[in-house]
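Heads up: the structure comes next, in C-alpha cells.
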There are 2 protein chains.
Amino acid sequence: MPENFSVDTLFNHARSQNGFQNTPVAEDVLRRLYDLMKMGPTSANCSPMRVVFLTTAEARARLTPALSPGNVAKTASAPVTALLAWDTRFHAHAERLFPHNPQLYRTFADNAVHADRTAFRNATLQAGYFLLAARAVGLDCGPMSGFDEALVNETFFPDGRYRINFLCNLGHGDPSKLFARLPRLDFNEACRVL
Amino acid sequence: MPENFSVDTLFNHARSQNGFQNTPVAEDVLRRLYDLMKMGPTSANCSPMRVVFLTTAEARARLTPALSPGNVAKTASAPVTALLAWDTRFHAHAERLFPHNPQLYRTFADNAVHADRTAFRNATLQAGYFLLAARAVGLDCGPMSGFDEALVNETFFPDGRYRINFLCNLGHGDPSKLFARLPRLDFNEACRVL
C-alpha cells in the first residue's frame with residue numbers, strides 16, 4: 001500500500017466519488033488511516049473526533065433511512081461508510097491528552113458553549129486530515145452532508161455523548177460515476193496579502 | 001521546494017511550532033499553498049474559506065492586541081501569520097462554484113442558520129487542508145485559537161462579511177522552541193468498526 005503518495009495525489013488528482021468498485025477494504029487500512037489522521041494538530045490536543053466505520057450490509061442498513069435520496073445508491077456501493085462524529089465530553093480525556101496540565105480542560109468542562117465550539121471546530125479539522133489520510137493510504141473518499149442529523153444521532157449515538165458531523169464513503173472509486181471537476185476560487189478571490 | 005513530501009512528513013514528523021527562524025516566505029509559496037488547499041472537497045463546492053496573510057511588521061502589529069499573552073512572542077517571530085476566516089456570503093459565488101445548478105445555493109441564501117453551519121464546517125475542513133498543504137510546500141505551521149475573536153473581526157473585517165476562524169503562523173520552525181509530542185488516542189479509544 002503506497003504511503004509516499006505525492007502531493008498531487010492527495011490534493012490535485014483525487015476526486016470525490018459517487019460510486020465504488022466492489023473491492024473490500026481491510027480493517028488494517030482503516031487503522032493506518034486513523035494512525036496518520038490522529039497526528040494532525042488540534043487545539044490543546046483536544047482530539048474530539050470519533051469515527052464509526054460501517055463495514056457490513058447490516059450496519060449500513062441502519063444508516064440508509066437517514067440518507068438523502070441522492071446519497072443512497074452511492075453509499076450502498078461503498079465497502080465502508082464512516083460516521084465522522086465528535087465527543088461532546090472530549091474534555092474527560094484531560095489526563096490522557098494534556099498530561100502536563102490537565103486543569104486547562106476545566107475551561108471546557110465549565111463552559112458548554114466554548115466546549116461545543118471547540119469540539120465542532122477541532123473535530124472538523126480532524127475530518128479534513130481524515131480525508132487526506134484516507135487518500136494517503138490508497139482509498140478514495142465520498143464525503144456527504146446530505147442526511148438527517150437527528151436520525152443518525154438517535155440511531156448510532158442514543159446516549160447523546162457523540163454527535164454526527166458528516167459522513168464519508170470509503171473504498172476504490174468507480175471512475176464512470178465521476179462528475180466533471182468543479183471550478184475553484186483563484187488566490188486573488190479568496191486571499192489577501194497584507 | 002519539495003512537492004513530493006512523504007506522508008510521514010505531512011502527518012508524523014511535522015510539529016506545531018512555538019517559534020520561527022528568521023527566514024522569509026515568498027508570496028509564491030503562499031500561492032502554491034493555496035493552489036493545493038483549494039482542491040480539497042467541500043459540500044457542494046461551497047469553498048467558504050478566506051485567508052488574510054499578514055507578512056509585514058505593520059500588518060502583524062494590528063493583530064497583536066487581540067492575541068492571548070502566550071501567543072504574542074511566537075507570532076512576532078513568524079514571517080507570516082495567516083488569518084483563516086470564512087465568507088458569510090459564500091453563496092454569492094453560486095454561478096462561479098456550482099455553474100451547472102447555482103439554484104442549489106438558494107438553500108443557503110434562504111436559511112441563515114444552515115448557511116452559518118455550512119460555512120463554519122466547510123471553512124474548517126479547508127483549514128485542515130491548509131495546514132497539510134502548508135507542510136507540503138515546505139512550511140511549518142503554528143495554529144492558534146487563543147485570541148479575541150471579536151477584536152480580530154472588528155480590526156480586519158469591519159464590514160462583517162468575513163469572520164475569523166483561527167490563526168496560523170507560517171514559516172520555518174525553530175526546533176529549540178518545540179514542546180514534547182503529546183499523546184494521541186488509540187484507534188480503539190476513538191473508533192468503532194460495525
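Only heavy atoms go into these numbers, but all of them, side chains included; no hydrogens, no water, no symmetry mates. Reminder, nothing fancy here: chain letters follow the sequence lines and each chain counts from 1.
Taking the charged nitrogens against the carboxylate oxygens, A:Asp186 and B:Arg31 have no contact shorter than 4.0 Å, which rules out a salt bridge. With respect to the salt-bridge test (charged N to carboxylate O, under 4.0 angstrom), the residues B:Arg96 and A:Glu189 qualify. Ion pairing between a basic and an acidic side chain is recognised when a charged N comes within 4.0 Å of a carboxylate O; A:Arg192 and B:Glu27 show no such pairing.
Atom CZ in A:Phe130 sits 11.5 Å away from atom CG in B:Leu125 (nearest 0.5 Å). Here the straight-line distance linking atom CE of B:Met37 with atom CZ of A:Phe187 works out to 9.5 Å at 0.5 Å rounding. Distance check, rounded to the nearest 0.5 Å: CG of B:Leu36 to CG of A:Leu132 gives 10.0 Å. Separating the CZ atom in A:Phe120 from the OG1 atom in B:Thr124 is a distance of 7.0 Å, to the nearest 0.5 Å. A distance of 10.0 Å separates SG of A:Cys46 from CG of B:Leu185, quoted to the nearest 0.5 Å.
When heavy atoms are compared at a cutoff of 4.5 Å, A:Thr55 approaches chain B by way of both its backbone and its side chain. Both the backbone and the side chain of A:Ala133 have a heavy atom closer than 4.5 Å to some heavy atom of chain B. Proximity to chain B (any heavy atom under 4.5 Å) is shown, for A:Pro183, by both the backbone and the side chain. At a 4.5 Å heavy-atom cutoff, the contact between A:Thr56 and chain B is made by backbone and side-chain atoms alike. Interface remark: A:Met144 contributes no atoms to any contact with chain B (heavy atom separation under 4.5 Å). For A:Phe156, the parts lying near chain B are the backbone and the side chain together; criterion is any non-hydrogen pair under 4.5 Å. Only the side chain of A:Arg181 comes within less than 4.5 Å of a heavy atom in chain B; its backbone stays farther off. The part of B:Arg62 that comes within reach of chain A is its side chain, from C-beta onward, which places non-hydrogen atoms under 4.5 angstrom from that chain. In this structure, chain B has no heavy atom under 4.5 Å from any part of A:Asn122.
The hydrophobic clustering, which links ILVMFWY residues whose side-chain heavy atoms are closer than 4.5 Å, places A:Leu194 and B:Leu151 apart. Put simply, B:Phe20 and B:Val29 are part of two different groups of oily side chains (I, L, V, M, F, W, Y) that touch within less than 4.5 Å, one to the next. Cluster membership check: A:Leu178 does not share its hydrophobic cluster with B:Leu97, using side-chain heavy-atom separations under 4.5 Å among Ile, Leu, Val, Met, Phe, Trp and Tyr. Criterion: ILVMFWY side-chain heavy atoms under 4.5 Å apart, direct or through other members. Under it, A:Trp86 and A:Phe147 are not part of a common hydrophobic cluster.
Heavy-atom contacts from other residues, nucleotides or ligands closer than 6.0 Å to CG of B:Asn22 number 12 or fewer. The 12-atom threshold is exceeded at CZ of A:Arg161, counting heavy atoms of other residues, nucleotides or ligands nearer than 6.0 Å.
Taking 4.5 Å as the limit, every side-chain heavy atom of B:Asp35 sits out of range of all side-chain heavy atoms of A:Arg184. Between A:Pro99 and B:Leu182, the closest side-chain pair of non-hydrogen atoms falls below 4.5 Å. You'll find the side chain of A:Tyr129 reaches within 4.5 Å of the side chain of B:Leu131, heavy atoms only.
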Intermediate values then yes/no, side chain to side chain contact (heavy atoms under 4.5 Å, CB included), A:Leu10 and B:Leu10: CA-CA 11 Å; A:Leu10 290 188; B:Leu10 289 188; 3.4 Å; yes
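The greatest number of non-hydrogen atom pairs below 4.5 Å with chain B, out of A:His93, A:Lys38, A:Arg121, is found for A:Arg121. In terms of heavy-atom pairs under 4.5 angstrom with chain B, the leader among A:Arg15, A:Arg50, A:Met39 is A:Met39. Interface remark: of the candidates B:Val80, B:Asn165, B:Leu30, B:Asn165 forms the most heavy-atom pairs closer than 4.5 Å to chain A. Per-residue heavy-atom pair counts under 4.5 Å with chain B were compared for A:Phe179, A:Phe166, A:Tyr162, and the maximum is reached by A:Phe166. Ranked by non-hydrogen atom pairs under 4.5 Å with chain A, the options B:Ala44, B:Cys191, B:Ala59 are led by B:Cys191. Chain B forms the most heavy-atom pairs under 4.5 Å with one residue out of A:Val52, A:Thr118, A:Leu83, and that residue is A:Val52. With chain A as partner, the option from B:Asp87, B:Leu54, B:Thr42 having the largest number of non-hydrogen pairs under 4.5 angstrom is B:Leu54.
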